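In this text, all values refer to a predicted model and were calculated from it rather than measured experimentally.
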Amino acid sequence: MLKYLAKRILQLIPKLLVISLIIFLGLQLLPGDPITRTISPEIYKYMTEAQMEQLREALGLNKPLIVQYFTWLKGILRGDLGYSQSSGSDIASMLKGRLPSTIELAFFGLIVANILGLLFGYIAALNKNSFIDYLFTTLSVIGISVPEFFFGIAFIMFFALKLKWLPTGGRMAAGHPEFSSRIKYMVLPVFCLGISLIATLMRFTRSSMLDVLNKDYIKTARSKGLNETEINVKHGFRNALIPVMTLLVFRLPILVSGTVVIESIFNYPGMGSMVLDALSAGDMPVVMITTLVISAVTLVASTLVDVLTAMLDPRIRLE
């Protein structure tokens, strides 16, 4: 298992390098002087042309692109992400304030989606062609077909404005940063973010579970007189999870990118809303650096899912 884990982690390195190279080349194509994205605007406006030329030389901006790339990458690893062209703020400081919010939202959205999607799919498979099966199938079609922003607006109108059970948006009440006070602010965004994944997991889990329950080893287990619950959970559900985990890997980027829409609707102060603000202001350095961070987070999450899949199926580790 450790060998497999080390292999998966090593495979992350070239993927991250390719993504960082694309982001770097994109930054080079932006109009304007690269030095404006490298130093603070407060310092830049007081510099003379000679001082800027000296700084370009010192920062390696006059060197070949490949040298500039590794210099830039070294700065990224140190946390030097450059500056926003619209606000002049340090991008690293901006991310420090926004990234935890997005990770928190995506994490709980993933947890809720996994629990409900797998549970509903499991129940639907065990009650094939029953009212419960048809009900869950109908709900899954609605969850896949209807866009997230519609659910967001509907939830705000019903649960926040009409019933007044939950706040309309934000992340926390003023002066109450503790996690317990943030829960009610996360309920609606988390469920809106996870609805599509819940529906997809439910349908895929149902199909995978029905396929596994028709396998010969399930029939053998029944012929041996094993408990039906043990057969369904230990021999059926566990093996049905393997293809479901593969689906989850491909859905993770959609889940992370979905925070852009959800954070905008619920005025949630995360990276998604920061990207939208940067796009509105034409602040492409912020957009590209944020894209790099989101891509890195998505790759790490995908690797974790791969490891989880290997834990469920030892044959993957042998391969």
Side-chain angles (χ1 to χ4, degrees), residues 1-29 65-82 91-111 113-114 117 193-194 196-197 200-201 204 241-260 263 270-272 274-275 284-319:
M1 184 63 189
L2 290 176
K3 183 179 179 181
Y4 176 80
L5 179 60
K7 180 182 177 181
R8 296 300 301 161
I9 292 175
L10 288 175
Q11 289 176 349
L12 272 178
I13 298 176
K15 296 177 183 177
L16 290 173
L17 286 175
V18 170
I19 292 173
S20 66
L21 180 59
I22 294 173
I23 297 297
F24 171 76
L25 294 176
L27 287 170
Q28 299 305 306
L29 294 175
L65 273 181
I66 188 64
V67 178
Q68 291 185 44
Y69 165 69
F70 285 107
T71 303
W72 174 81
L73 186 61
K74 184 179 178 181
I76 291 289
L77 295 176
R78 291 200 311 263
D80 183 10
L81 306 181
I91 297 179
S93 300
M94 296 170 65
L95 291 178
K96 185 178 180 181
R98 299 292 192 109
L99 183 58
S101 302
T102 296
I103 291 178
E104 183 179 71
L105 184 61
F107 173 77
F108 285 106
L110 182 64
I111 295 298
N114 279 340
L193 184 64
S196 177
L197 184 56
T200 306
L201 282 176
F204 209 81
L241 280 180
I242 296 170
V244 174
M245 290 297 104
T246 304
L247 169 71
L248 187 59
V249 171
F250 292 103
R251 295 291 296 183
L252 276 174
I254 301 176
L255 180 70
V256 175
S257 62
T259 59
V260 176
E263 288 176 5
M271 290 180 63
M274 186 175 78
V275 169
M284 295 311 295
V286 173
V287 174
M288 290 188 173
I289 294 298
T290 304
T291 302
L292 175 63
V293 174
I294 291 177
S295 300
V297 171
T298 302
L299 281 176
V300 171
S302 299
T303 301
L304 292 178
V305 173
D306 287 344
V307 172
L308 179 60
T309 305
M311 293 173 63
L312 292 171
D313 188 358
R315 292 173 299 177
I316 295 177
R317 298 199 297 272
L318 293 176
E319 293 175 357

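- In this structure, the separation between OG1 on Thr102 and CG on Leu95 is 9.5 Å, given to the nearest 0.5 Å.
- Between Ala113 and Leu201, the closest heavy-atom pair is O-CD1, 3.6 Å.
- Side-chain contact between Leu25 and Tyr69 is absent, with no heavy atoms from C-beta onward closer than 4.5 Å.
- When all heavy atoms of Ser20 and Leu17 are compared, the closest pair comes out as OG-O, 2.7 Å.
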Test side-chain contact (heavy atoms from CB on, under 4.5 Å) applied to Leu110 and Leu193, step by step: CA-CA 9 Å; Leu110 182 64; Leu193 184 64; over 6 Å; no

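- Between Leu292 and Leu81 the shortest side-chain heavy-atom distance does not fall below 4.5 Å.
- Residues Gln68 and Phe24 have side chains in contact (heavy-atom distance under 4.5 Å, counting atoms from C-beta outward).
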For Ile23 and Trp72, run side-chain contact (heavy atoms from CB on, under 4.5 Å): C-alpha distance rounded to whole Å, both residues' side-chain angles, the deciding distance at 0.1 Å, then the answer. CA-CA 11 Å; Ile23 297 297; Trp72 174 81; 4.2 Å; yes

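- Note that CD1 of Ile19 is 9.5 Å distant from CG of Leu12, once rounded to the nearest 0.5 Å.
- Considering every non-hydrogen atom in both Ala92 and Gly79, the closest pair reads CB-O, 3.4 Å.
- A distance of 13.0 Å separates CD1 in Ile91 from CZ in Arg98, rounded to the nearest 0.5 Å.
- Taken to the nearest 0.5 Å, the OG atom of Ser101 stands 10.5 Å off from the CE atom of Met274.
- Here the side chains of Leu73 and Leu21 are not in contact, with every heavy-atom distance at 4.5 Å or above.
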